[in-house]
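Since the structure comes first, as C-alpha cells, the remarks are kept for the end.
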Amino acid sequence: QVQLVESGGGLVQAGGSLRLSCVTSYVIFSNYPMAWYRQAPGKQRELVAAIRSTGTGTENYVDSVKGRFAISRDDAKSTVYLQMNSLKPEDSGVYYCNAGYNLPIIEEWGPGTQVTVSS
C-alpha cells in the first residue's frame with residue numbers, strides 16, 4: 001500500500017515562506033510525475049503544482065501561485081517538495097501530495113499538512 005506523508009506546514013505571516021515535503025513509499029517514485037494539491041475550508045481540492053518525472057523537466061502551476069511557488073523532487077529520497085514564497089492569506093489550506101500530473105493516481109490520500117497565512 002502506497003503511503004504519502006506530508007510535512008512542513010505551519011502558521012506564517014503574509015509575505016513569508018514555507019517549504020513543504022512529501023515522502024512516499026512509492027517503490028518506483030522516479031517513474032511518476034508528482035503533484036501538490038490544496039484544499040481550503042468549504043472548497044474543493046485543487047491542483048497547485050505538478051512536476052514530471054526527472055529528466056523531462058516540465059512543471060506546471062495554477063495561475064494563482066506562478067512566480068511564487070516552486071515544485072521539486074529528490075528521487076533518491078522519494079520526496080517531492082513545494083517551496084512557497086510571498087505567501088498570501090488565500091494560500092491557506094491543507095496541502096496534499098499525490099502521484100500524477102493532471103489527476104491524482106493514488107486513491108488513498110495522506111493526512112496533508114496545514115498551512116495558515118495570517119494577514
Side-chain angles (χ1 to χ4, degrees):
Q1 183 178 355
V2 177
Q3 289 185 322
L4 302 163
V5 181
E6 303 89 351
S7 63
L11 173 63
V12 64
Q13 288 188 334
S17 298
L18 286 172
R19 189 193 193 206
L20 306 184
S21 300
C22 170
V23 179
T24 173
S25 61
Y26 229 5
V27 176
I28 48 176
F29 175 86
S30 62
N31 290 0
Y32 286 86
M34 295 294 296
W36 282 95
Y37 295 76
R38 69 185 176 194
Q39 187 167 22
K43 295 187 177 181
Q44 288 189 333
R45 190 176 291 163
E46 65 168 342
L47 178 63
V48 174
I51 184 168
R52 293 198 185 277
S53 55
T54 300
T56 61
T58 301
E59 301 166 16
N60 190 37
Y61 300 91
V62 67
D63 286 345
S64 60
V65 308
K66 285 181 179 177
R68 300 189 296 120
F69 289 13
I71 187 172
S72 61
R73 61 190 298 156
D74 185 338
D75 290 345
K77 297 181 179 179
S78 296
T79 300
V80 61
Y81 304 97
L82 186 67
Q83 178 67 43
M84 306 188 297
N85 300 325
S86 302
L87 282 162
K88 303 176 181 180
E90 52 264 42
D91 294 321
S92 298
V94 181
Y95 282 70
Y96 304 87
C97 69
N98 207 308
Y101 195 71
N102 294 309
L103 293 172
I105 293 176
I106 302 171
E107 186 173 353
E108 186 169 344
W109 294 80
T113 186
Q114 176 72 49
V115 172
T116 303
V117 184
S118 63
S119 56

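Only this structure's heavy atoms are used, side chains among them; waters, hydrogens and symmetry mates stay out.
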Suppose we screen for side chain to side chain contact (heavy atoms under 4.5 Å, CB included). Which residues come up paired with [X], at least two apart in sequence or across chains?
X	result
Thr24	Val2, Leu4, Tyr26, Phe29, Ser78
Ser17	Gln83, Asn85
Ser64	Arg38, Val62

Going hydrophobic residue to hydrophobic residue with side-chain gaps under 4.5 angstrom, can you get from [X] over to [Y]?
X	Y	value
Val48	Tyr96	no
Tyr95	Tyr81	no
Val12	Val65	yes
Tyr32	Ile51	yes

Indicate yes or no: at least one non-hydrogen side-chain atom of Met84 is less than 4.5 angstrom from one of Leu20.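 Side-chain contact under 4.5 Å: yes.
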
Worksheet item: Are the side chains of Asp91 and Arg68 in touch, meaning some heavy atoms are under 4.5 Å apart?
Response: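 Yes, close enough: below the 4.5 Å cut-off.
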
Could you report the tightest heavy-atom contact between [X] and [Y], atom names first, then the distance?
X	Y	result
Ser92	Pro89	OG-O, 2.9 Å
Trp36	Leu47	O-CD1, 3.6 Å
Leu18	Leu87	N-CD1, 3.9 Å
Ala49	Leu82	CB-CD1, 4.0 Å

Item to complete: List in chain and number order the residues that pass salt bridge (charged side-chain N to carboxylate O under 4.0 Å, His left out) with Arg73, two or more places apart in sequence or in another chain; answer none if no residue qualifies.
Response: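 Salt bridge (charged side-chain N to carboxylate O under 4.0 Å, His left out) list for Arg73, sorted by chain: Asp75.
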
*Using salt bridge (charged side-chain N to carboxylate O under 4.0 Å, His left out) as the criterion, list what pairs up with Arg19, not counting sequence neighbours.*
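None.
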
Should the heavy atoms of other residues, nucleotides or ligands under 6.0 Å from OH of Tyr61 be counted, would the total exceed 12?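 Atom OH in Tyr61 is crowded, with more than 12 foreign heavy atoms closer than 6.0 Å.
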
Crowded around Gln3 CD? As in, over 12 foreign heavy atoms under 6.0 Å?
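12 or below, so no.
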
Using ring centroids (six-membered ring only for Trp), state whether Tyr37 and Trp109 fall under 6.0 Å.
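They qualify: ring centres under 6.0 Å apart.
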
Which pairs pass disulfide bond (SG atoms under 2.5 Å apart) with one or both residues in residues 76-119, sequence neighbours excluded?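 Passing the test, one end in residues 76-119: Cys22-Cys97.
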
Tell me whether Asn98 contacts the main-chain N or O of Ile106 through its side chain, where contact means a donor paired with an acceptor under 3.5 Å.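 Side chain of Asn98 to backbone of Ile106, a donor-acceptor pair under 3.5 Å: yes, one is there.
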
task = State the CD-OG distance between Glu90 and Ser119, to the nearest 0.5 angstrom.
result =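 The CD atom of Glu90 sits 10.0 Å away from the OG atom of Ser119.
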
